[in-house]
Amino acid sequence: MSVENMLRDAISKKTVVGFTFDAKNYIGSPHALGERDGKPQVLIYRGEDAHEKRVPPMGEWSVLPLDTITDLKLLPGEAFHVGHPDAKVEKELHKVTLRVA
């Protein structure tokens with residue numbers, strides 16, 4: 001299955017993914033697919049979210065090109081980050097084709 005199709009599945013099911021980007025391993029909660037400058041991209045929260053009131057999320061919002069993501073796998077047992085990106089990061093993704101409902 002392609003990176004794009006796996007991310008579509010993860011977004012529709014609100015499933016955390018594990019992946020490699022810039023030679024580093026990450027986990028993340030993908031929230032939207034779209035384009036930036038004509039290239040397929042994903043809006044993703046990279047990092048962990050404990051979902052406990054006293055524990056702040058430990059991650060950041062990013063827009064990443066799909067062609068730079070490798071070793072993608074679904075991690076259905078992990079807690080999906082349900083927060084929202086700030087407006088600046090969200091504007092980096094153009095032509096949104098799929099978004100978390």
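Hydrogens, waters and symmetry mates play no part in the numbers below; they use all other heavy atoms, side chains included.
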Notebook entry, point to check: If you round to the nearest 0.5 Å, how far is CG of Leu7 from CD of Gln41?
Noted result: 11.5 Å
Margin query: To the closest 0.5 Å, what do you measure between CG (Asp22) and CG (Asn25)?
Written below: 12.0 Å
Next item on the list: Please tell me if the side chains of Lys39 and Pro65 come closer than 4.5 Å, counting only heavy atoms from C-beta onward.
Entry: no
Margin query: Looking at every non-hydrogen atom in both residues, tell me the closest pair between Val16 and Ala79 and how far apart they are.
Written below: CG2-O, 3.4 Å
Margin query: Which heavy atom of Ser62 sits nearest to which heavy atom of Val89, and what is that distance?
Written below: N-CG1, 4.3 Å
Checklist line | Heavy atoms of other groups near His84 NE2, more than 12 under 6.0 Å | finding: no
Note to self: Quick check for you: to the nearest 0.5 Å, what is the distance between Ser29 atom OG and Tyr45 atom OH?
What the structure shows: 8.5 Å
Notebook entry, point to check: Is the shortest distance from a Lys or Arg side-chain nitrogen in Arg8 or Glu4 to a carboxylate oxygen in the other one below 4.0 Å?
Noted result: yes
Next item on the list: May I ask you to check whether His31 and Trp61 place their ring centres under 6.0 Å from each other?
Entry: yes
Check: Stepwise, does the side-chain contact (heavy atoms from CB on, under 4.5 Å) test hold for Ile27 with Val17?
Finding: CA-CA 6 Å; Ile27 64 167; Val17 296; over 6 Å; no
Next item on the list: For Ser2 and Asn5, indicate whether the former's side chain and the latter's backbone hold a donor-acceptor pair under 3.5 Å.
Entry: yes
Check: If you round to the nearest 0.5 Å, how far is CG of Leu72 from OG1 of Thr20?
Finding: 9.0 Å
Checklist line | Pairwise ring-ring contact (aromatic ring centres under 6.0 Å, His included) hits with a residue in residues 2-24, at least two apart | finding: Phe19-Tyr26
Checklist line | Closest non-hydrogen atom pair between Val42 and Pro30, with its separation | finding: CG2-CB, 4.0 Å
Next item on the list: Any chance you could lay out the side-chain contact (heavy atoms from CB on, under 4.5 Å) test for Asp9 and Leu74, step after step, and finish with the verdict?
Entry: CA-CA 9 Å; Asp9 191 38; Leu74 301 178; 3.4 Å; yes
Item checked: Which atom of Ala32 lies closest to which atom of Val96, heavy atoms considered -> CB-CG1, 4.3 Å
Check: Looking at side-chain heavy atoms only, is the closest gap between Val63 and Ile44 below 4.5 Å?
Finding: no
Next item on the list: Keeping the roles fixed (side chain from Lys91, backbone from Asp86), state whether a donor-acceptor pair exists under 3.5 Å.
Entry: no
Checklist line | Heavy-atom pair of closest approach, residues Val3 and Ile69 | finding: CG2-O, 3.8 Å
Next item on the list: Assess whether side-chain contact (heavy atoms from CB on, under 4.5 Å) is satisfied between Leu64 and Arg46, documenting all intermediate values.
Entry: CA-CA 10 Å; Leu64 305 176; Arg46 290 191 289 161; 4.0 Å; yes
Note to self: Counting C-beta onward and ignoring hydrogens, is there a side-chain heavy-atom pair between Pro85 and Leu43 closer than 4.5 Å?
What the structure shows: yes
Checklist line | Closest non-hydrogen atom pair between Lys73 and Met6, with its separation | finding: CA-CE, 3.9 Å
Notebook entry, point to check: Can you tell if the side chain of Ile11 reaches within under 4.5 Å of the side chain of Arg99, non-hydrogen atoms only?
Noted result: no
